[in-house]
Amino acid sequence: MRLSRYFMPILRETPKEAEIVSHRLMLRAGMLRQETAGIYAWLPLGLRVLNKINAIVREEQNRAGAIELLMPTIQPADLWRESGRYDDYGKEMLRIKDRHEREMLFGPTNEEMVTEIFRGYVRSYKDLPLNLYHIQWKFRDEVRPRFGVMRSREFLMKDAYSFDIDAEGAKHSYAKMFVAYLRTFERMGLKAIPMRADTGPIGGSLSHEFIILANTGESEVFCHKDFLDYEAPPAEINFDDRAAVQDVVDRWTALYAATSEMHDAPAFEALPEAERVSARGIEVGHIFSFGTKYSEPMRAVVNGPDGKEVPVQMGSYGIGPSRLAAALIEANHDEAGIIWPRAVAPFHVGLANLKVGDAATDAACEDLYARLTKAGVEVLYDDRDDRPGAKFATLDLIGLPHQLIVGPKGLASGEIELKDRRTGARESLTPEAAFNRLLAASA
RNA sequence: CGGGGUAUAGCGCAGUCCGGUAGCGCAGUAGUUUUGGGAACUACAGGUCGCAGGUUCGAAUCCUGCUGCCCCGACCA
C-alpha cells in the first residue's frame, strides 16, 4: 500500500479524552474514531489489525473442530423470554421496537439464538458433539464505557457454543476450547493465563477467564510464577484425543491463578514468596460450561442411544477481538508508539523513501516495494514528499515490525537500512540482502 | 446510578472572573529555501464559541434550563 493513496489519519497530539495508552495510540495512529460514548468506527489501519486477529481466532477455532456461522445482531425479545433472561438482563441490554411495535434487542450474546437454531435441526445424539461459533458485533449498554475499545458498548466478539449428549462430552468440548484459546493467544505473542472465574449472568458451574499480563491492566491478578514459562500446546495436538486435551487443561489449572474477585489470599500466601506473581491483567477470553441452563427451558433435546430425550449439555466460549486489539497494544508499546507482534501487525514492513523525487532513491524503493509485495510481504510504502524525521516518527508510532529506510546517503554506498521496531536495532544492508531478510522473516 | 470535571477551527489550548467586531500552536492549501529522527519563512483558508431561552444598546463572557463527552466509584467480554 502506498501511503500517499492510503487513509491513515495520524494525530500528532493526543485527544484529551484518551486516558490509557492503548486508546491514545489507537487514536493517534489513525486506527479508531469515536462516534459516541463506547461506540467506535474502525479506520483502515485498525480494521487490518482486527482482521488479522479474527483470522487467527478463526483458524484456531476451526482447528479445534468448531464450525463458523453468522447470526444476526438484532434478536427478537420472545427468544429471550424463553430462557428468562429478557427480564434478568437489565438495562445493559439495548431494547428496541420495530415499526410494528415488535420488541427486539441488540444482542449482547447469543446463547438463546444458537440454542433456537440447534433445536430446529438436531434430533439425535449421533450429530453430537457440535460446536458452532460466529464473530459478530455485540452491544452491551455499559453504565460507563471507558478505555476506548477495551470497554466499549459495541464490541466484536467471537462466541462459540458447544452441544454434547452428556457431561463427559461437555467436559471434552470445554477442554478443546481451552486448548484452542491457549494457542490463539500465544500466536498473537501474548502470555494468557487461565484463571478460575465467576460465571456472572451467563451462568453455569465451570468457568475460566483468560488473562494477559500487562502492567497497565485493569484488574489485579495473582498466579504462580511457573505459568510465565508455560508454553501453549502445539498445532499438532489431536483434539479428538480426550486424554491429551484434558492433560493440557489439568496442567494449566494445577497451579494457583486467580483474579482479585476469586482471590484466596491465604492459599496464595501459602506459596513460597519466590513463586508468587502479583500483576495487572486484562481479560481477553472467557469460557463457560453451563449444562442444561438453556437447553432445558428452551427444550433443546436430542434422542440418546437409549431412545430417550435428554436436554443437551452446553458451553459457551468468548474472545473479544476488538478488546484484544487494545490489549495487544497495552502489552506491546514504548514511548514512541505501538510495537505490533508480527502476527497481528497491519503491515509487515514500513518502507520509507527519504527523498521522494531523487531518481535513485525512487527507483530503489519502487523495486523493493514491487518485489516484496509480489512475494506476499505486506508493505506500507511511505512515498509522500515529507521530511525523514516525520516519516521515522510515523513509522514508530504505527509500530510495523520492520522498517526499511532508503535514502540517497545509504544508496551512494549501495546500502539501505533495516530497522527492527521492537529492539531498535538497525543494520545497513544491500537492498538484495534486506529483501532476502524480509522474505525469511515472513516465512 | 452517585461524585467531580469539561464543551471555543480537524487536534491541543488561551480568552470567560471584569460584556464591546474570536485568538495561539500544530495540522491543511500555495510558494520559496530545505531534507538521515516530527524544518524555516511568506501568504491563504478554516469558527452558528455544545443547544435553547433570558438580561443588555451589545453576550464566548452574566442568568436559567437542557445535552454531549471525560474522570473517580459501584457494575461488566
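Lettering of chains follows the sequences in order, A, B, ..., and the numbering in each one begins at 1.
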Handout entry: Test applied, side-chain contact (heavy atoms from CB on, under 4.5 Å); reference residue, R196(A); option that passes from L206(A), D264(A), T253(A)
Key = L206(A)
Grab the [atom1]-[atom2] distance between [X] and [N] for me, whole Å please.
X	N	atom1	atom2	result
R153(A)	C70(B)	CZ	C1'	14 Å
D159(A)	C76(B)	CG	P	19 Å
D396(A)	G38(B)	CG	P	12 Å
L43(A)	C11(B)	CG	P	14 Å
E19(A)	G5(B)	CD	C1'	12 Å

For [N], does either OP1 or OP2 sit under 4.0 Å from a side-chain N or O belonging to [X]?
X	N	answer
T36(A)	C69(B)	yes
K16(A)	G12(B)	no
R387(A)	A39(B)	yes
R144(A)	C75(B)	no
R151(A)	C76(B)	no

Touch check for [X], heavy atoms < 4.0 angstrom, all strands: base, sugar-phosphate only, or nothing?
X	value
S428(A)	nothing
I405(A)	base
E209(A)	nothing
R33(A)	nothing
K138(A)	nothing
G318(A)	nothing
S322(A)	nothing
L11(A)	nothing
G320(A)	nothing
G285(A)	nothing

Integer angstrom distance from the [atom1] of [N] to that of [M]:
N	M	atom1	answer
U8(B)	U61(B)	C1'	11 Å
C1(B)	C75(B)	C1'	10 Å
G46(B)	G36(B)	P	35 Å
C63(B)	A74(B)	C1'	35 Å
U55(B)	C71(B)	P	39 Å
C62(B)	G73(B)	C1'	35 Å
U21(B)	G10(B)	C1'	25 Å
C69(B)	C11(B)	C1'	16 Å

Under 4.0 Å between a Lys/Arg side-chain N and an Asp/Glu carboxylate O for [X] and [Y]?
X	Y	value
R85(A)	D88(A)	no
E112(A)	R81(A)	no
R95(A)	D141(A)	no

Handout entry: Contact nearer the 5' end of RNA chain B, comparing K355(A) with L397(A)
Key = K355(A)
Practice task
Between Q403(A) and A18(A), just flag the one whose closest nucleotide in RNA chain B comes earlier from the 5' side.
Solution key: Q403(A)
Go through [options] for me and flag the one nearest to the [X] side chain.
X	options	result
K91(A)	C1(B), G37(B), C26(B)	C1(B)
R146(A)	C75(B), G12(B), G38(B)	C75(B)
E13(A)	C70(B), C76(B), C26(B)	C26(B)
E17(A)	C76(B), C72(B), C70(B)	C70(B)
E142(A)	C75(B), G36(B), C69(B)	C75(B)

Handout entry: E35(A) atom CD: more than 12 heavy-atom contacts under 6.0 Å
Key = yes
Handout entry: Other residues, nucleotides, ligands: >12 heavy atoms within 6.0 Å of K171(A) NZ
Key = no
Fill in the blank from the handout: With K391(A) as partner, the option from D382(A), D383(A), D396(A), D386(A) fulfilling salt bridge (Lys or Arg N to Asp or Glu O under 4.0 Å) is D382(A)
Now, which nucleotide makes the Watson-Crick or G-U wobble pair with [N], with each of the two distances under 3.5 Å?
N	value
C13(B)	G23(B)
U34(B)	none
U6(B)	G68(B)
C49(B)	none

Handout entry: G37(B) base / K419(A) side chain donor-acceptor hit below 3.5 Å
Key = yes
Practice task
Indicate, with yes or no, if the rings of F210(A) and F178(A) have centres closer together than 6.0 Å.
Solution key: yes
